[in-house]
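Have a look at the structure below, then the notes.
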Amino acid sequence: MLKIYNNLTNKKEIFIPIEPGKIRMYVCGITVYDYCHIGHSRAYIVFDMVARFLRHLGYDVTYIRNITDIDDKIIQRANENGEDFHQLTTRFIKAMHEDFDQLNILMPDLEPKATDHIPAILTMIETLIDKGFAYQAENGDVYFAVNEFNKYGELSGKRVEDLRAGERVDVDTNKRDPMDFVLWKMAKENEPFWESNYGKGRPGWHIECSAMSTEMLGNHFDIHGGGQDLQFPHHENEIAQSECCTGEKFVNYWMHNGFVRVNEEKMSKSLGNFFTIRDVLKEYRAEEIRFFILSSHYRSQINYSDEQLDQARSGLERLYAALLDVEFGDVPKDTEYQQRFELAMNDDFNTAEAIAVLFDLTRDVNRAKAENSPEVAALGSLLKYLANLLGLLELNAAEFLKSSVTDDGLSNADIDLKVEQRQQAKKDKNWAMADQIRDELTAAGIVLEDNVDGTRWRR
RNA sequence: GGCUGGUUGGCAGAGUGGUUAUGCAGCGGCCUGCAAAGCCGUGGACGGCGGUUCGAUUCCGCCAUCAGCCUCCA
């Protein structure tokens, strides 16, 4: 029985889909004006894992992850670069897909872009105005009137009174209430715009998610996810817009992943302490990043550091090493390992616990190997199968262990030759020579492992 | 100030009202020409103070402390 921690109630709840056997899930994607960083990678690895596991449970999942391709930062960056905003977003959408692909993040079923859904956005704004939940201010901008929605603050646990008292809310004289947020923003000179009843402008950030999720998943759907920083105000605003527009409950389960921190501080663009995915991929294998992310529960905060990534590397290499020489075959059914794995995952996607099960299974695989047991194939196949559910251990073990992201100047053939030379030295009992070759390779980051069949190496 | 969520062994990180997390690192052993990998064994923990309980790291309260949100942010 699947339990999900629901931010609407701040409790773990038994998951019940709206329509039996089907799950409709929407996750807020990125604003494409720069390369994705490790914080982004966490959010999308996490929800990729969620979608994979829900499908494993047999659900027919419709997973939507949008792209915000118009907003202030995009316009600003495009201006700085002296290029059309569309050119900018196209470039970074491509980069995002490349990065995500490396991290084995599967494509969502639909990946709508805000600019492709302006009509749906305008329709929703019109409905909100008609129903009295939104108004056009003197400057032409259209705002949502927070005051008209009495459930405002339900998701984030905030009270409108407290928010109003806050000193950090900008006082904008165009708004009736400082908490009101923009739905349609008038275009300034030389800014991209779309025609509307309210004038030439562009959508506010929050409305696109409401419009696109409702358009594609219906008024009421199962799961909505995103980073913890989106809980307020973004998701709060989505609820307000959608429920006021449709008169129905918007989402049943809200999920938010925790942040990635750097030196005990949130990784973010404004702090400038972010590491882009492509930079990290110069030092670590993509799967090491994925393993690092999934080693902790998705709601906890994690700290990014080389030490963490090094530990992830060691752990992942242990798992892959167990798969060496395994002849994969049928995956045994109804094993205790799978039960434990699923129990962990059913408990609010506890990947840390699930990975611990993989390590227990790994010991069993290694033990079977040491004993030359016929169980090796079955246990190894099970390990690969369970790990694959998390998007891990999909590569060939030998190739993975020989792969490297850093250039040590040695080709595989170079190494093979050295290893061969050392084999001869060993045969001649020339231990000094054998050790010298091994030391050379060790210095280059190559690890040698002798066994009865010969010598295996990895980077 | 309001609201969230944390505080577990050298590091990372799960979990539990009384019993082994798991990984990395350490120590001892097996294996090995020596190693490495692997296997076997092993030490080491639950922020502080109260309370509930036969018994609390686990439940409750208070305190301390950290991070986050309240402004764009995954």
Side-chain angles (χ1 to χ4, degrees), chain A residues 5 7 10 27-31 36-47 65 68 71-73 76 153 156-159 161-170 179 205 225-234 236 256-261 264-271 274 291-292 295-297 299-303 305 307-308 310-319 321-322 324 340 344 347 350-360 362-363 365-371 401 426 429-432 434-435 438-439 442 446-452 455-458:
Chain A
Y5 186 90
N7 273 119
N10 285 348
V27 172
C28 291
I30 69 164
T31 302
C36 291
H37 58 63
I38 292 295
H40 297 120
S41 81
R42 184 181 194 190
Y44 304 111
I45 286 170
V46 160
F47 287 103
R65 188 186 66 206
T68 298
D71 94 320
D72 291 358
K73 286 190 296 282
Q76 191 191 331
S156 55
K158 296 182 190 305
R159 294 180 312 172
E161 297 312 310
D162 296 337
L163 291 168
R164 278 203 191 100
E167 302 159 21
R168 303 171 74 182
V169 176
D170 285 338
M179 290 312 303
W205 176 38
Q228 208 160 47
D229 45 1
L230 299 186
Q231 184 170 343
F232 188 89
H234 184 55
E236 197 72 72
H256 295 99
N257 64 277
F259 298 125
V260 176
R261 296 190 294 173
E264 311 304 315
E265 245 181 355
K266 179 185 169 185
M267 181 184 289
S268 73
K269 297 245 162 126
S270 49
L271 289 168
F274 61 92
F291 183 84
F292 159 64
S295 293
S296 305
H297 185 90
R299 277 188 286 118
S300 66
Q301 303 191 87
I302 59 176
N303 209 39
S305 69
E307 290 71 29
Q308 295 274 13
D310 288 343
Q311 285 201 12
R313 169 171 294 173
S314 301
L316 193 59
E317 286 181 351
R318 176 171 161 80
L319 295 177
L324 286 168
R340 285 174 56 204
D347 185 11
N350 192 337
T351 52
E353 182 78 31
I355 287 174
V357 174
L358 297 184
F359 278 110
D360 284 344
T362 292
R363 179 175 297 109
V365 173
N366 287 330
R367 208 182 282 150
K369 277 182 172 178
E371 291 166 359
L401 293 169
K426 282 181 64 174
K429 303 233 186 273
N430 185 350
W431 306 127
D435 289 353
R438 183 171 61 197
D439 289 346
T442 302
I446 315 295
V447 181
L448 299 192
E449 292 170 19
D450 296 339
N451 55 49
V452 283
T455 298
R456 192 187 314 269
W457 65 266
R458 60 189 172 82

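We use all heavy atoms of the structure for the numbers below, so side chains are in, but hydrogens, waters and symmetry mates are not. Below, chains carry the letters A, B, ... as their sequence lines are ordered, and counting in each starts from 1.
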Q: Please give the nucleotide sitting opposite B/U57 as a Watson-Crick or G-U wobble pair, both distances under 3.5 Å, or none.
A: none
Q: Can you sort out the partners of A/Phe274 under ring-ring contact (aromatic ring centres under 6.0 Å, His included), two or more places apart, ordered by chain and number?
A: A/His37
Q: Could you tell me which nucleotide pairs with B/U20 by Watson-Crick or G-U wobble geometry, both distances under 3.5 Å, or answer none if nothing does?
A: none
**Q.** Watson-Crick or G-U counterpart of B/A35, or none if no pair lies under 3.5 Å
**A.** none
Q.
Determine whether a donor-acceptor pair (one donor, one acceptor, N or O, separation below 3.5 Å) exists between the side chain of A/Gln301 and the base of B/G68.
A. no
Q: Sort out the partner of B/G26 for me: Watson-Crick or G-U wobble, both distances under 3.5 Å, none otherwise.
A: B/U42
Q. From B/A74, B/G33, B/A12, pick the nucleotide closest to the side chain of A/Asp435?
A. B/G33
Q.
Which nucleotide, if any, forms a Watson-Crick or G-U wobble pair with B/A14, using both distances under 3.5 Å?
A. none
Q) With sugar-phosphate meaning primed atoms plus P, OP1 and OP2, does A/Arg159 contact a base, only sugar-phosphate, or nothing at under 4.0 Å between heavy atoms? A) nothing
Q.
Under 3.5 Å for both donor-acceptor distances, Watson-Crick or wobble: does B/C62 have a partner, and if so which one?
A. B/G48
Q) Side chain of A/Ala356: nearest nucleotide among B/A12, B/U22, B/C70? A) B/U22
Q: Would you mind pulling out the nucleotide paired to B/A67, Watson-Crick or G-U wobble, both distances under 3.5 Å?
A: B/U4
